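Have a look at the structure below before the remarks.
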Amino acid sequence: MEGLSQSEMRELEQRMQKRQVKEFMNVFGNLVDHCFMSCVDDFTTKSLNSRETACVTRCVQKQMSLTQRLSERFQEQNQAMGAAQGQR
């Protein structure tokens, strides 16, 4: 990113922020879709029953734990790759 002007840096940062928001919204939408399709099957009432609510809660917790663990593993791998490159 060296050699970029201040305005180019700001534009790049704005694009990166927009992309992060878009990616977050995509992940969130997929989470909602997955948990809804997995847990909700009674459409006779407007609200979720207790079983559906518990299922959605477990589903979201599992997905969030999975996402957190994947993020940690990617960070570990990046650090290992950085260390390996630094030894060369």
Side-chain angles (χ1 to χ4, degrees):
M1 286 197 253
E2 292 180 23
L4 296 178
S5 69
Q6 289 289 335
S7 63
E8 290 171 328
M9 286 293 289
R10 280 192 301 274
E11 182 180 339
L12 179 61
E13 288 174 7
Q14 288 173 347
R15 286 184 181 186
M16 289 172 65
Q17 287 174 352
K18 286 180 182 179
R19 183 178 180 125
Q20 286 176 338
V21 168
K22 186 176 180 180
E23 287 176 12
F24 172 79
M25 294 304 292
N26 188 24
V27 168
F28 181 75
N30 289 338
L31 170 70
V32 169
D33 186 53
H34 171 74
C35 292
F36 180 85
M37 296 301 286
S38 297
C39 297
V40 179
D41 55 12
D42 180 8
F43 296 97
T44 60
T45 64
K46 289 193 294 184
S47 58
L48 299 175
N49 63 39
S50 60
R51 183 194 56 77
E52 291 170 329
T53 301
C55 180
V56 168
T57 300
R58 281 191 313 274
C59 181
V60 170
Q61 287 174 342
K62 280 185 176 183
Q63 294 295 319
M64 296 300 288
S65 295
L66 172 68
T67 301
Q68 181 179 357
R69 184 61 185 136
L70 283 173
S71 177
E72 290 169 0
R73 290 292 293 150
F74 277 123
Q75 288 176 354
E76 291 167 6
Q77 292 296 319
N78 283 339
Q79 288 174 352
M81 287 173 40
Q85 288 179 350
Q87 291 176 351
R88 292 181 182 174

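Residue numbers start at 1 and run along the sequence shown. Please read these numbers as outputs of a predicted model, since none were measured by experiment.
Electrostatic pairing of E13 and R10 does not count as a salt bridge here, judged by no charged N lying under 4.0 Å from a carboxylate O.
Within the model, atoms NZ of K62 and SG of C35 stand 10.0 Å from one another, a figure rounded to the nearest 0.5 Å. One distance of note links CG of D41 with CG of L48; it measures 10.5 Å at 0.5 Å rounding. The distance from atom CG of L70 to atom CD of Q75, rounded to the nearest 0.5 Å, is 11.5 Å. Separating the CD atom in Q63 from the CZ atom in F28 is a distance of 12.5 Å, to the nearest 0.5 Å. Taken from CG in N78 to CD in Q85, the straight-line distance is 9.5 Å, to the nearest 0.5 Å.
Under the 4.5 Å side-chain heavy-atom criterion for Ile, Leu, Val, Met, Phe, Trp and Tyr, F24 and V21 are members of the same hydrophobic cluster. Note: the hydrophobic cluster containing V32 does not contain M64 (ILVMFWY, side chain heavy atoms under 4.5 Å, direct or indirect links).
Counted within 6.0 Å of CD on Q6, heavy atoms from surrounding residues, nucleotides or ligands total 12 or fewer; the atom is thus considered open.
A donor-acceptor pair under 3.5 Å is absent between the side-chain atoms of S71 and the main chain of T67, judged by distance alone.
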**OP:** Report the C-alpha separation of R69 and E72 in whole Å, then their side-chain angles, then the decisive distance to 0.1 Å, and conclude whether the side-chain contact (heavy atoms from CB on, under 4.5 Å) test is met.
**Re:** CA-CA 5 Å; R69 184 61 185 136; E72 290 169 0; 3.3 Å; yes

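Counting all heavy atoms, side chain and backbone alike, C39 lies closest to E52 at O-CG, 3.4 Å. Looking at every heavy atom in both residues, D42 comes nearest to N49 through OD2-ND2, 3.9 Å.
E11 pairs with exactly one of E8, R15, M9 by the side chain to side chain contact (heavy atoms under 4.5 Å, CB included) rule, that one being R15.
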